[in-house]
Each structure stands twice: as structure tokens, then as C-alpha cells.
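In this text the structure is predicted, and so the values were computed from the model without any measurement.
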Amino acid sequence: MSGKSRPSDFVRSALKNGVGRYVCQLQRLTFRFCKSHGNSRSVRDFIEKDLLDFTRCNPGVAVYLQPRRHRAPSVVAEYLNGNRMTHYIYKSNRRDIHKWVEHLRSRSGFDTVRLRTKQHTDCPSIQGVWTPFLNKPTELNVTTFPDEKLSAVDSGTTGTEQVLELAQKIQNMELNRKQN
């Protein structure tokens with residue numbers, strides 16, 4: 001599939017999720033399985049052994065069990081934005097089902113699309129994007145390195161010496177105030 005035929009979009013979050021506090025976007029999980037068919041054995045094992053721990057850790061997610069006779073097992077995830085995602089798990093073991101449930105829980109509910117750019121903002125800057133070379137002198141563009149002028153060590157005062165001088169000035173000012 002070529003890049004032009006796949007839908008594309010900018011990076012986005014659901015309703016600015018995470019700016020104030022995180023809200024899990026998964027609203028409802030529905031497990032569809034057969035009570036007697038062999039394809040649903042791993043789903044039944046997951047329900048018996050792991051589902052109770054999942055519901056304790058995620059009290060905001062409603063979990064429904066829907067027995068369906070002679071159907072392939074599936075997990076249907078419904079999100080706050082109204083999207084539904086169905087994943088068929090008929091050839092998965094219990095560990096794989098646990099991974100898929102965690103994947104569905106941590107998703108935003110948006111469809112998977114090709115990203116146009118790696119960053120996006122609602123209020124773009126009219127000044128342009130910052131780069132490390134933004135305020136550097138343009139003469140560096142044509143300089144061949146190593147350069148004698150740029151490699152020279154400045155023998156001025158060090159930062160420690162400057163801090164000590166400031167401390168001495170402050171002490172002198174305090175002594176002058178006490179004497180007056």
C-alpha cells in the first residue's frame with residue numbers, strides 16, 4: 001500500500017488528555033466467546049484467571065462477557081470518542097490476549113494513520129522553528145574547522161571568581177549599611 005492511499009493526520013491527543021490529569025479513553029470491553037468450542041479455550045482461561053485483576057486495576061472500564069454459540073472469540077473495545085475496535089483472538093494464548101487487552105486499554109481510540117509530521121501545534125509560531133544554529137553568526141557557515149580564532153581559550157575570569165567577587169561586594173555593602 002503506497003503512502004498516498006493511506007489516510008494521514010497530525011499528531012493529536014483526545015481532548016488534551018494528560019494536560020490536567022489522565023483519563024483512560026477505553027470505556028467498555030466486550031469479550032465474545034463460545035462456552036464449549038475449543039477456539040475459545042484461551043479466552044475462557046483469561047476470563048477465569050486474569051480478568052478479575054484487570055477489572056480491579058481499571059475500575060473505569062466496564063467489562064462485559066457475551067457468550068455466543070459457535071462463533072470465533074473476539075474482544076470489542078469502545079472508546080469515549082465513539083470508535084469501536086474489534087480484535088479476533090481465536091488463535092491466541094492467554095498471554096497474547098492479556099497483551100491485546102493492555103494494548104486496547106492504552107490506546108486513544110483514534111484510527112491508526114500515517115503521521116504527516118512528528119510535531120503539531122494548534123497555535124503555530126510565526127517566527128519559525130527553533131534550531132541550535134538559529135542565533136549563531138553566519139561566518140561559521142564558511143569556516144573550516146579547526147579554526148585558530150575559535151579554538152583560542154579565553155583567559156578572563158572564571159565563573160567561580162565572578163561569584164566570589166559578587167559575594168565580596170554584597171558583604172562590603174552590608175558592612176557599609178551597618179556603619180551608617
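- Residues Leu140 and Leu150 have side chains in contact (heavy-atom distance under 4.5 Å, counting atoms from C-beta outward).
- No side-chain heavy atom of Arg71 sits less than 4.5 Å from a side-chain heavy atom of Cys34.
- Taking the charged nitrogens against the carboxylate oxygens, Arg105 and Glu102 do have a contact shorter than 4.0 Å, which makes a salt bridge.
- Asn83 contributes atom CG, which lies 8.5 Å from atom OG of Ser108 (distance to the nearest 0.5 angstrom).
- Using a distance-only test at 3.5 Å, with no hydrogens or angles considered, a donor-acceptor pair links the side chain of Thr143 to the main chain of Glu139.
- For the atom pair CZ (Arg44) and CD1 (Ile97), the distance works out to 10.5 Å, reported to the nearest 0.5 Å.
- Taken to the nearest 0.5 Å, the CD atom of Gln66 stands 8.0 Å off from the OG atom of Ser74.
- Remark: the backbone N or O of Glu148 is not paired with any side-chain donor or acceptor of Ser151 at under 3.5 angstrom.
- Here the side chain of Ser40 pairs no donor or acceptor atom with the backbone of Val43 at under 3.5 angstrom.
- The backbone N or O of Arg94 sits nowhere less than 3.5 Å from a side-chain atom of Asp45 that would complete a donor-acceptor pair.
- Within a 6.0 Å radius of NE2 in His98, no more than 12 heavy atoms belonging to other residues, nucleotides or ligands are found.
- Residues Thr86 and Val75 have side chains not in contact (no heavy-atom distance under 4.5 Å, counting atoms from C-beta outward).
- Contacts of Lys35 classified as side-chain contact (heavy atoms from CB on, under 4.5 Å), with partners at least two apart in sequence or in another chain: Phe33, Pro67.
- Here the shortest heavy-atom pairing between Pro73 and Asn39 reads CG-O, 3.6 Å.
- A ring-centre distance under 6.0 Å is not found for Phe54 and Phe46.
- Judged purely by atom type and a 3.5 angstrom limit, Ser8 has no side-chain atom pairing as donor or acceptor with the backbone of Leu115.
- Side-chain atoms of Leu29 and Tyr64, non-hydrogen and from C-beta on, never get closer than 4.5 Å to each other.
- Under the 3.5 Å distance criterion, the side-chain polar atoms of Arg56 are left unmatched by any main-chain donor or acceptor of Pro59.
- Heavy atoms of other residues, nucleotides or ligands lying less than 6.0 angstrom from CZ of Arg69 number 12 at most.
- For the residue pair Gly109 and Met85, the shortest heavy atom distance occurs at O-CE, 3.5 Å.
- Taking the side chain as every heavy atom from C-beta outward, Tyr79 and Leu104 approach each other to under 4.5 Å.
- If you take CG on Asn58 and CG on Leu26, they are separated by 8.0 Å, rounding to the nearest 0.5 Å.
- If you take CD1 on Ile89 and CZ on Arg32, they are separated by 11.5 Å, rounding to the nearest 0.5 Å.
- Note: Thr112 OG1 to Asp9 CG = 11.5 Å, rounded to the nearest 0.5 Å.
- Residues meeting the side chain to side chain donor-acceptor pair (under 3.5 Å) test with Glu78, sequence neighbours left out: Arg28.
- Heavy atoms only, all atoms of each residue included: Phe31 and Val101 are closest at CZ-CG2, 3.8 Å.
- Within the 4.5 Å cutoff, no side-chain heavy atoms of Val61 are placed close to those of Thr55.
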